[in-house]
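I have placed the structure first, in the form of structure tokens, so that the comments after it can refer back to it.
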Amino acid sequence: MQALLDERAIHRVLVRYCRGVDRADEALIRGAYHEDARDRRGWFDGTGWEFARVITDDFRRRGRSSLHLLTNATIDVDGDEARAESYTLALSTAADGTGPVQAFAGRYLDRFARRDGEWRIAERTVVRDWHADLERVEGAAFVRDLGDQLRGAFAPDDPSCALLEGVGR
């Protein structure tokens, strides 16, 4: 039973990270990492907390919007340490809906540690399996007019932030 609880806790950390990036919420991303955690992804090599600042500053400065889909996750728990491989598909575009959609498919190779009873990432390596810039098709019709449907935004303005306030921090 404990192994299932540990796997669930680790999966929640993975989801917290994805939500933090998509909402450009530095505190939420930092909450996925131990303070001394290492994050390596080719264009960045530093601590997870440094990455949280870099990515949220970049998204806000450039007006980027992203959506991370977390799929297959293999999690192996051994006491207070765990290893995980998680597949992700991340889509990113200008928040105003212009320009290409950048698609990234890859994997998070994580070493987790439980400290003071809490699982967080201790070391992360991001593997790129493929990426592409997807062009928008001019004049493509959507099934219906979306009218005043709520739009995603950065924290704290996203509609989910009030609902999930304090969750995962």
Side-chain angles (χ1 to χ4, degrees), residues 1-60 64-93 101-134 152 154-156 158-169:
M1 182 57 92
Q2 187 59 50
L4 291 174
L5 293 172
D6 290 338
E7 286 182 26
R8 175 70 177 137
I10 290 168
H11 190 265
R12 287 181 61 92
V13 172
L14 294 167
V15 170
R16 177 187 316 148
Y17 165 83
C18 291
R19 182 169 184 267
V21 174
D22 292 342
R23 299 286 57 86
D25 186 330
E26 182 177 346
L28 200 56
I29 298 168
R30 286 174 60 151
Y33 291 92
H34 286 295
E35 185 174 2
D36 61 343
R38 192 79 178 172
D39 186 294
R40 295 178 185 91
R41 52 185 69 228
W43 63 270
F44 178 86
D45 186 347
T47 71
W49 285 25
E50 290 168 339
F51 174 75
R53 181 182 28 78
V54 166
I55 197 66
T56 56
D57 286 352
D58 180 65
F59 271 33
R60 289 175 182 272
R64 300 296 298 173
S65 177
S66 72
L67 174 72
H68 282 72
L69 304 173
L70 190 63
T71 62
N72 304 347
T74 301
I75 301 169
D76 182 45
V77 178
D78 184 12
D80 288 335
E81 295 191 0
R83 295 167 298 164
E85 176 188 49
S86 308
Y87 286 67
T88 186
L89 174 62
L91 304 171
S92 175
T93 190
V101 174
Q102 295 174 331
F104 170 88
R107 291 167 285 135
Y108 303 132
L109 304 181
D110 294 321
R111 190 176 54 77
F112 281 84
R114 177 173 31 208
R115 299 181 190 163
D116 299 322
E118 184 176 5
W119 286 104
R120 290 188 184 197
I121 299 166
E123 184 177 354
R124 166 168 280 183
T125 301
V126 178
V127 176
R128 176 184 58 176
D129 289 312
W130 61 266
H131 75 277
D133 286 341
L134 310 174
F154 295 139
D158 188 77
S160 68
C161 292
L163 174 69
L164 300 173
E165 184 176 357
V167 173
R169 294 200 190 269

Return the CG to OG1 distance between L67 and T93, rounded to the nearest 0.5 Å.
11.5 Å
Ion pair check, E123 and R40, cut-off under 4.0 Å
yes
Using a 4.5 Å cut-off on heavy atoms from C-beta on, say whether the side chain of R12 contacts that of W119.
no
When D78, D76, D110 are each screened for salt bridge (Lys or Arg N to Asp or Glu O under 4.0 Å) with R83, the one that passes is D76
What's the separation between atom OG1 in T56 and atom CZ in R64, rounded to the nearest 0.5 Å?
15.0 Å
Would you call L28 and R23 a side-chain contact if the rule is heavy atoms closer than 4.5 Å?
no
When rounded to the nearest 0.5 angstrom, what is the spacing between NE2 in H68 and CG in L14?
12.0 Å
Less than 4.5 Å apart, any side-chain heavy atom of H34 and any of E118?
no
Side chains of L89 and T71, heavy atoms from C-beta outward: is any pair under 4.5 Å?
no
Looking only at heavy atoms, what is the nearest atom pair of C161 and P156, with distance?
CB-O, 3.6 Å
Carboxylate-amine/guanidinium contact R115 D80, below 4.0 Å:
no
For T47 and E35, the nearest pair of non-hydrogen atoms, with its separation, is CB-O, 4.3 Å
Looking only at atom types and distance, does a side-chain atom of R128 sit under 3.5 Å from a main-chain N or O of F104, one as donor and one as acceptor?
no
What distance separates I75 CD1 from F112 CZ, expressed to the nearest 0.5 Å?
7.0 Å
R120 side chain reached by Y33 side chain, heavy atoms, under 4.5 Å:
no
Atom CG in D36, atom CZ in R38: separation rounded to 0.5 Å?
10.5 Å
Test side-chain contact (heavy atoms from CB on, under 4.5 Å) applied to V15 and L70, step by step:
CA-CA 7 Å; V15 170; L70 190 63; 4.0 Å; yes
Shortest non-hydrogen contact between A82 and I10, atoms and distance:
CB-CD1, 3.5 Å
Can you name the nearest heavy-atom pair linking R60 to A24, along with the distance?
NH2-O, 2.9 Å
List for me each residue that meets salt bridge (charged side-chain N to carboxylate O under 4.0 Å, His left out) alongside D57, sequence neighbours excluded, and say none if there are none.
none
Tell me whether N72 contacts the main-chain N or O of Y87 through its side chain, where contact means a donor paired with an acceptor under 3.5 Å.
no
Determine the minimum heavy-atom distance between W130 and A103, stating which atoms define it.
CZ3-CB, 4.0 Å
Would a 4.5 Å heavy-atom cut-off, applied to side chains only, mark W43 and V126 as touching?
no
Rounded to the nearest 0.5 Å, what separation is found between the CD1 atom of I121 and the CZ atom of R111?
11.0 Å
What are the two closest heavy atoms between V77 and E7, and how far apart are they?
CG2-CG, 4.1 Å
Tell me which pairs pass ring pair (Phe, Tyr, Trp, His ring centres under 6.0 Å) where either residue lies in residues 6-25, with sequence neighbours left out.
Y17-Y108
